Protein chains: 2
Amino acid sequence: MVETTRRREIEDAASSLFHEHGYSGTSVRDIARALDIQGASLYAHVTSKQDVLWSIVERTASRFEAAADAALAGADGPVPGPGSQLAALVRAHVGVITDDVRRASVFVHEWRSLSPDRRAAIGKRRDAYEGRFRTVIGDGIAAGTFAPVDQVVAAAFVLTSLNGLVAWYRPDGRLKPGPLAEAMADLTLRAVLIGPDDAPPDEVDAG
Amino acid sequence: MVETTRRREIEDAASSLFHEHGYSGTSVRDIARALDIQGASLYAHVTSKQDVLWSIVERTASRFEAAADAALAGADGPVPGPGSQLAALVRAHVGVITDDVRRASVFVHEWRSLSPDRRAAIGKRRDAYEGRFRTVIGDGIAAGTFAPVDQVVAAAFVLTSLNGLVAWYRPDGRLKPGPLAEAMADLTLRAVLIGPDDAPPDEVDAG
DNA sequence: CCTACCGATCGGTAGG
DNA sequence: CCTACCGATCGGTAGG
């Protein structure tokens, strides 16, 4: 838990390797080689390989949570309401991913390699995080802004597609973080916003 | 390549284990144990662990391709056009996943563990498959049925969320394959269909 | 499908 | 951060 430069370098190298080959597919010696030291030397800085994974996953989880907090707190812009809240959540989530794809990728894919206790702890936090999306979508449906979609499916649909970014986002690609976040927010809002083909929620207006 | 019962049992067991622990996280002895035989005995039926992965991935790729072919061929129902074609593609994709989540999960997540040649070959097929989604979305935009979204982003957005099913679909869950496919098709179409807030494509109708 | 075994590599420790 | 080393496990082979 001591915050040193070397420790961060280790987690950076491990994030890259876990991202590319997975936790099981990466050896302690692979990480050491990326830092030009011996495998055994790594244990001067970390207590175990699992410990490195945990640091990466736990810190990234906190980043997602903090970004969502900030997004919901500052979402009352020109057009308040569930629509702008959901858009803010999406932009925040995309921002955490584009800010560090490798760590985000490890968080998304390698939490299954955590020890049982840690895996359970992260599972709860992931569910609570996804719950924010469910709640905002539910609010939008109740307000008549969103179509009566299945909240659970819609939240999973959206979050999965955002998380999928870790597989195809390229920092040097055509789409920069800003426009990409806008495109994702646009697709997300379209998917849930009420449209002309949707039946009115409870009362029929007579034109 | 010989199609025996035992071979299928091996691939079934391997699919479950690869799905749960990943390719690298699964040993040959793990697979053997699931079949109540010795690790070395597995080699009477397969040539290598990599060979088992390849069979699973290759067959599943073919299933996705065949399902998409059938979907596009039979999509000219009551309301032809890009909308019904996209919906048909989505239903087909979801169907392949719900039909065998474990194999689908291995296809989606473990193709990175393939040998370089095989990985490249599957990569090309995956891109061609995703191209069908891009094309249909492009057709819809050209026809004025779909909003002018980014085809590449939209296709990735949709396909990723569908593939994400392998992580949360439960055969004994609340949503059965049929309704689930409908919900996914609904969200997908909403995300791309043109709405009241979209500017008209090229000419403004004067009310 | 078994027993017996191969060299290589794994995560990690001892002692400096 | 190093050398030297540990027991365990890895994918796979030999020979039946």
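Here is how names work: the chains are called A, B, and so on, in the same order as the sequence lines, proteins then strands, and each is numbered from 1. Keep in mind the model is a prediction, meaning the values are calculated, not measured. Heavy-atom basis, side chains included; hydrogens, waters and symmetry copies ignored.
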Is there a donor-acceptor pair under 3.5 Å between the side chain of A:Gln50 and the backbone N or O of A:Ser115? yes

Integer-rounded Å distance: D:dG12 C1' and B:Leu53 CG: 17 Å

Rounded to the nearest angstrom, tell me the gap between atom NE2 in B:His21 and atom P in D:dT9. 16 Å

Figure out the CH2/P separation between B:Trp54 and D:dG11, and round it to whole Å. 21 Å

Is the centre of the A:His21 ring less than 6.0 Å from the centre of the B:Tyr23 ring? no

B:Gln38 side chain, from C-beta outward: closest of C:dT13, C:dC2, D:dC2: C:dC2

B:Lys49/B:Asp30 salt bridge by N-O under 4.0 Å criterion: no

Find the distance A:Ile31:CD1 to C:dG11:P and express it as a whole number of Å. 8 Å

Could you please name the option among D:dC2, D:dG11, C:dA4 that lies closest to any side-chain atom of B:Ala40? C:dA4

Just how far, in rounded Å, is C1' of C:dC1 from NE2 of B:His45? 7 Å

With heavy atoms under 4.0 Å as the rule, sort A:Thr26 into base, sugar-phosphate or nothing. sugar-phosphate

Closer than 4.0 Å, any side-chain N/O of A:Arg29 to the OP1 or OP2 of C:dG12? no

Centroid separation A:His109 to B:His109 less than 6.0 Å: yes

Which one is paired to D:dG15, where only Watson-Crick or G-U wobble pairs with both distances under 3.5 angstrom count? C:dC2

Which whole-number value in Å describes the distance from B:Tyr43 OH to D:dG15 P? 18 Å

Strictly below 4.0 Å: does A:Ser27 bring a side-chain N or O up to OP1 or OP2 of C:dC10? yes

In plain terms, say whether A:Arg132 and A:Asp69 are close enough for a salt bridge, that is, a side-chain N and a carboxylate O under 4.0 Å apart. yes

What is the separation between atom CG on B:Asp51 and atom P on D:dT13, rounded to the nearest whole Å? 12 Å

May I have the distance from A:Glu9 (atom CD) to D:dC1 (atom C1'), rounded to whole angstrom? 14 Å

